[in-house]
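Below is one structure, written out as structure tokens; comments come after it.
Whatever order the structure lists ligands and atoms in, that order sets their numbers, starting from 1. Quantities reported herein were computed from a predicted structural model and do not represent experimental measurements. Excluded from the calculations below are hydrogen atoms, water molecules and symmetry mates; all remaining heavy atoms, backbone and side chain alike, are included.
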Amino acid sequence: MAVGKTALGTLASENDNALQMAKPVALILFGSPGSGKGTQSKYLVEWLKIPQISTGDMLREHIRQGDTIGQAIQARMAAGSLVSDELVNQLVFERINQPDAQRGFILDGYPRTPAQAEEMMRLLAARGAGEVVIHLVVDYNVIISRMSGRRVCPKCGTLYNAISRPPKVDGICDLDGESLVIREDDREDVVRQRLEQYERQTQPLIEFFRKTSERLIEVDASHEKPEAVFERIKSGLQGFIGQ
Ligand SMILES: [Zn+2]
């Protein structure tokens, strides 16, 4: 469901499939574990031809390279503290100034706090970029039954799902007859815990954007296929950034 309407660009020419945008767009994607956020992000990258920027990936890359920033991150993590808003903001702002992000970008895992969100909105306004917030709303009971129905073969790694992809014989791998197991991450109590943690972290941000942004797209992502969810996101976006 799209709220409000702002036309910032014109539609693509006939031989260009990407949505044309007059202003750089910052897509901010929120979705719980199991909401299909990764898939929607990939669809958006392909459709809009803008990069996806993941703060988790950027932090890991600095740690891997062992540069000054990477060492600072590691020192904080070793001390049991979170990476500071200031550092994360700096990394994101450097990244979005690179040439491939001039038309826009998709933010994944950022902002994580209302303070980061406030700073980001200020910077986007200064750059003349407009934000669109996409919230994949899910029914937690659906996610829990979907994720807790997952089984994996410990021998060949094949994934099964009690609902969407059951093995031919209950509890047995089709390929090699091995007994299927539940991954630690898919245990119901672990899934519940992750959902609660997500909720605690994200709810204040959603509230922040409800108050400060007219461009919030909330889509039910728990009942339909990813392709259908993407169609809803597309029509919401066309209302905001296309014409
Ligand atoms: Zn197997």
Practice task
In plain terms, say whether E118 and R122 are close enough for a salt bridge, that is, a side-chain N and a carboxylate O under 4.0 Å apart.
Solution key: no
Practice task
State whether E199 and R194 are salt-bridged, where the test is any N-O pair (Lys NZ or Arg NE/NH1/NH2 against Asp/Glu carboxylate O) under 4.0 Å.
Solution key: no
Fill in the blank from the handout: In short, ring-ring contact (aromatic ring centres under 6.0 Å, His included) pairs touching residues 27-46 with sequence neighbours left out are Y43-F230
Problem - salt bridge (charged side-chain N to carboxylate O under 4.0 Å, His left out) partners of D100, counting only residues at least two apart - result: R95
Practice task
Check the hydrophobic clustering (I, L, V, M, F, W, Y; side-chain heavy atoms under 4.5 Å; chains of links allowed) and say if Y140 and V137 are grouped together.
Solution key: no
Problem - Every N, O or S from the protein that is nearer than 2.8 Å to the Zn ion (ligand 1) - result: C153 SG, C156 SG, C173 SG, D176 OD1, D176 OD2
Show me, pair by pair, the donor-acceptor contacts under 3.5 angstrom made by side chains of residues 178-185, not counting sequence neighbours?
residue: R183; atom: NE; partner: D186; partner atom: OD2; Å: 3.2
residue: R183; atom: NH2; partner: D186; partner atom: OD2; Å: 3.2
residue: E184; atom: OE1; partner: R187; partner atom: NH1; Å: 3.0
residue: E184; atom: OE2; partner: R187; partner atom: NH1; Å: 2.9

